[in-house]
Amino acid sequence: MAEKALLARVKALEDEVERLKAQLKAESVEERTETSPHPKPEVPNHQKDEEKRPKAKKRGAERPFDFSAHPSRHVALRLAYLGWQYQGFAVQENTDNTVEARLFEALLKTKLIQERQTSNYHRCGRTDKGVSAFAQVISIDLRSNQFGGGLGVTVPPGVEDKGKAVSNELPYVKMLNRVLSQDIRILQWAPVETGFSARFDCKSRTYRYYFPRGDLDVDLMAEAAKRYEGTHDFRNLCKMDVGNGVLQFQRTILSASIQPAKVEPTVSNDPHQLCVFQVQGLAFLYHQVRCMMAVLLLIGQKLESSEIMNQLMDVEKNPRKPQYSMAVDYPLVLYDCHFEGVSWRTDPEEENHVLNFLHQHWVQTAVKTQVLFGMIQGLQNNITGETSSLQCWLMEGTRQKKYRPLLDRPRCESLESRIQHFVKRGRLEQEEGENGEETTVFRGKRSKHSHLMTANQPQEQKHGAKTEDSPLQTL
């Protein structure tokens with residue numbers, strides 16, 4: 001009985017507590033209603049302090065940048081990039097993972113240009129997916145602080161010098177490198193004349209292709225490379241880009257050589273020694289360097305004789321390209337673009353930043369290389385019989401079990417056949433010239449990015465039509 005009485009007493013007390021809670025809650029609501037018709041919840045002290053501080057302007061509410069109040073300056077920018085993670089240099093329809101896309105994001109973010117279409121932009125050349133560059137050059141109009149004028153400076157009408165003595169130009173290199181990814185770096189800039197074009201004023205371009213010696217006959221390759229020098233028709237040593245108006249395939253190679261990438265006299269015949277094919281020319285065709293390198297690799301493996309190069313460049317005897325794979329993309333570098341009369345300006349601090357990044361990247365890659373090399377040596381030491389040779393792994397596609405000579409292979413379409421194909425599709429038109437001869441005219445194609453791809457047309461028309469260094473000069 002005592003236990004039941006105790007439980008009843010506890011239950012009564014719990015009911016009383018609940019009744020008192022409800023009463024207090026009702027009185028509290030009534031009090032807040034009387035003092036304020038729209039009661040506010042209690043604000044913590046730290047939020048009260050935040051409310052007392054002056055509110056910063058929202059980014060979305062910022063006043064638009066007035067480009068018309070600033071001079072512009074036509075400049076050349078020299079940039080380097082590691083292209084292994086990108087789908088090429090130039091903007092493309094099906095991806096934004098290109099070096100040029102990242103570059104224009106940085107130009108827009110730093111307010112150095114208003115838009116690409118009006119920036120008077122030219123690139124020296126296009127590099128393909130996986131290809132890197134040490135000295136790519138572009139020309140473009142950038143915002144300037146030189147109200148008093150200068151080389152390449154255009155001051156808008158009605159804009160006056162505000163009386164500020166400005167001696168130094170905007171730090172273009174530093175501004176862009178602060179917002180670009182580490183594998184794309186602006187190295188130098190130069191003021192140039194307003195009519196300067198990175199594409200048409202380039203005197204020559206130099207490419208390097210790195211490869212291991214392996215079992216290749218490097219001396220034979222070096223001798224064969226000399227045959228590329230001079231002016232030749234390279235239609236059998238490129239990808240013919242007839243659909244984009246490339247109808248002339250003669251190009252001039254100023255020099256072509258093969259030599260060790262690093263001179264090490266004590267191990268001159270080491271199969272793991274790296275060599276470099278360096279070629280300098282006025283301009284190049286689509287995939288030309290990689291096709292040239294592919295043939296040199298076949299010669300180095302003694303699958304073809306050096307004479308094959310003369311046969312491929314004799315388009316009267318061999319008007320159609322044999323079907324063969326190109327050399328892979330990642331060892332190729334646009335190493336230099338030569339211009340006359342351009343005075344490059346350097347920021348030593350930025351050069352040190354670039355050098356430190358490259359050193360860091362080199363250390364990581366060199367250590368990984370040595371790890372792999374140590375494993376190779378370990379396996380070779382364990383193998384009692386004949387060790388395997390270092391094969392050539394720089395050709396696209398699968399390795400043939402039985403090699404088929406180039407001139408015995410199926411051939412690609414002829415140039416004339418390709419032209420007729422695109423004439424039927426409306427990309428090319430054949431017209432009668434002044435002397436009654438039939439000429440082929442490129443009419444182009446439009447795409448959803450045509451406003452980006454054709455931004456250079458006014459400048460190109462001023463320079464006149466050129467077959468060298470075609471718009472799709474991808475290698």
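We use all heavy atoms of the structure for the numbers below, so side chains are in, but hydrogens, waters and symmetry mates are not.
- The closest side-chain donor-acceptor pair between Asp183 and Ser181 falls under 3.5 angstrom.
- Side-chain N or O atoms of Asp314 include none that pairs as donor or acceptor with a backbone N or O of Asn310 at under 3.5 Å.
- At a cut-off of 3.5 Å, with distance as the only test, a side-chain donor of His122 or Ser197 sits close to an acceptor on the other residue.
- Between His361 and Phe357, the ring planes are tilted. Angles from 30° to 60° get that label.
- Taking the side chain as every heavy atom from C-beta outward, Val279 and Val289 approach each other to under 4.5 Å.
- Across Glu169, Glu349, Glu350, a single residue satisfies salt bridge (Lys or Arg N to Asp or Glu O under 4.0 Å) together with Lys174, and that is Glu349.
- Looking at Ser132, its side chain does come within 3.5 Å of a backbone N or O of Gly83 through a donor-acceptor pair.
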Next on the checklist: Please evaluate residues Arg143 and Ser72 with respect to the criterion side chain to side chain contact (heavy atoms under 4.5 Å, CB included), reporting the C-alpha separation (whole Å), side-chain torsions for both, the decisive distance (0.1 Å), and the verdict.
Outcome noted: CA-CA 4 Å; Arg143 173 169 59 90; Ser72 66; over 6 Å; no
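- In this structure, Gln360 contributes its side chain and Asn356 its backbone to no donor-acceptor pair below 3.5 Å.
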Does Ser306 form a side chain to side chain contact (heavy atoms under 4.5 Å, CB included) with Arg227? I'd like the steps, not just the answer. CA-CA 9 Å; Ser306 299; Arg227 301 192 182 207; 3.8 Å; yes
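- A salt bridge between Asp217 and Lys302 is present, with a side-chain N of the basic residue lying under 4.0 Å from a carboxylate O of the acidic one.
- Between Cys337 and Cys124, the shortest heavy-atom contact is SG-SG, 3.4 Å.
- Applying side-chain contact (heavy atoms from CB on, under 4.5 Å) to Tyr86 and the options Arg102, Lys129, Glu100 leaves one that passes, Arg102.
- What you find for Arg290 and Ala327 is that their closest heavy atoms are NE-O, 2.9 Å.
- With hydrogens and angles disregarded, no donor-acceptor distance shorter than 3.5 Å links the side chain of Thr346 to the backbone of Pro348.
- A donor-acceptor pair is defined here as one N or O able to donate and one able to accept, closer than 3.5 Å; no such pair exists between the side chain of Gln377 and the backbone of Leu379.
- Checked by atom type and distance alone, the side chain of Asn318 never pairs as donor or acceptor with a backbone atom of Arg320 at under 3.5 Å.
- Residue Glu307 holds its CD atom at 10.0 Å from CG of Leu407, rounded to the nearest 0.5 Å.
- Val276 is not listed as a side-chain neighbour of Pro331, based on a closest heavy-atom distance of 4.5 Å or more.
- Arg409 and Gln323 form no side-chain donor-acceptor contact under 3.5 Å, judged by distance and modelled atom types alone.
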Steps toward side chain to side chain contact (heavy atoms under 4.5 Å, CB included) verdict (Val155, Gln146): CA-CA 8 Å; Val155 181; Gln146 302 297 301; over 6 Å; no
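- Heavy atoms of other residues, nucleotides or ligands lying less than 6.0 angstrom from CZ of Phe134 number 12 at most.
- Between atom NZ of residue Lys424 and atom CD1 of residue Ile419 there is a gap of 13.0 Å, rounded to the nearest 0.5 Å.
- When every heavy atom of Leu142 is checked against every heavy atom of Ile140, the shortest pair comes out as CD2-CG2, 3.6 Å.
- Atom CE in Met326 sits 6.0 Å away from atom SG in Cys291 (nearest 0.5 Å).
- Note: Phe373 and His272 have perpendicular aromatic rings, judged against thresholds of 30 and 60 degrees for the angle between ring planes.
- Side-chain contact between Gln301 and Leu216 is present, with at least one heavy-atom pair separated by less than 4.5 Å.
- Checking Gln87 against Thr98 by side-chain atom types alone, no donor-acceptor pair falls below 3.5 Å.
- Here the rule is side chain to side chain donor-acceptor pair (under 3.5 Å) with His287, and of Asp329, Asp128, Asp241 only Asp128 fits it.
- For Glu193, the CD atom is loosely surrounded, since the number of other residues' heavy atoms within 6.0 Å does not exceed 12.
- Between the side chain of Thr365 and the backbone N or O of Trp362 there is no donor-acceptor pair closer than 3.5 Å.
- Across Met309 and Ile299, no two heavy atoms sit closer than the pair SD-CD1, 3.6 Å.
- Minimum interatomic distance between Arg123 and Arg199 (heavy atoms only, all atoms of both residues): O-CB, 3.3 Å.
- Ring to ring, Tyr209 and Phe211 are not that close: their centroids are 6.0 angstrom or more apart.
- Annotation for Leu296 and Ala225: closest pair CD2-N, 3.9 Å, computed over non-hydrogen atoms.
- Of the residues listed (Thr127, Leu180, Val131, Ile186), the one engaging Tyr81 in a side-chain contact (heavy atoms from CB on, under 4.5 Å) is Thr127, and it is the only one.
- Between Tyr121 and Phe104, the angle of the ring planes goes over 60°, which puts this pair in the perpendicular group of the 30/60° scheme.
- With rounding to the nearest 0.5 Å, the separation of CD1 in Ile258 from CG in Leu220 is 9.5 Å.
- Met293 has its side chain within reach of Met221: a pair of non-hydrogen atoms, C-beta onward, lies under 4.5 Å apart.
- Other residues, nucleotides and ligands contribute more than 12 heavy atoms inside 6.0 Å of the CD atom of Glu413.
- Residues Thr231 and Thr252 have side chains that bring a donor and an acceptor to within less than 3.5 angstrom of each other.
- Checking side-chain atoms of Arg404 against main-chain N and O of Asp408 turns up a donor-acceptor pair under 3.5 Å.
- Considering Arg205, Arg251, Arg126 in turn, Arg205 is the only one that fulfils the side-chain contact (heavy atoms from CB on, under 4.5 Å) rule with Phe284.
- To the nearest 0.5 Å, atom CG of residue Asn168 and atom CG of residue Asn145 are 8.0 Å apart.
- Between the side chain of Arg208 and the backbone N or O of Ala261 there is no donor-acceptor pair closer than 3.5 Å.
- If you take CZ on Phe249 and CZ on Phe234, they are separated by 12.5 Å, rounding to the nearest 0.5 Å.
- Geometric assessment of Lys321 against the ring of Tyr324 yields a positive cation-pi assignment under the 6.0 Å and 45° thresholds.
- Considering His359, Glu351, His353 in turn, His359 is the only one that fulfils the side-chain contact (heavy atoms from CB on, under 4.5 Å) rule with Leu355.
- Contact check for Tyr228 versus Phe277: side-chain heavy atoms found under the 4.5 Å cut-off.
- For the 3.5 Å distance criterion, the side chains of Tyr403 and Glu304 qualify, holding a donor opposite an acceptor.
- Judged purely by atom type and a 3.5 angstrom limit, Gln288 uses its side chain to pair as donor or acceptor with the backbone of Leu285.
- Considering only heavy atoms from C-beta on, Phe89 comes within 4.5 Å of Ile138 through its side chain.
- Annotation: Tyr172 is in aromatic contact with Trp189 [ring centroid separation under 6.0 Å].
- Counting only heavy atoms from C-beta outward, the side chains of Val192 and Leu151 never approach each other to under 4.5 Å.
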Could you give me the CA-CA distance, side-chain angles and deciding distance for Val242 and Leu247, then say whether side chain to side chain contact (heavy atoms under 4.5 Å, CB included) is met?
CA-CA 6 Å; Val242 175; Leu247 306 175; 3.7 Å; yes
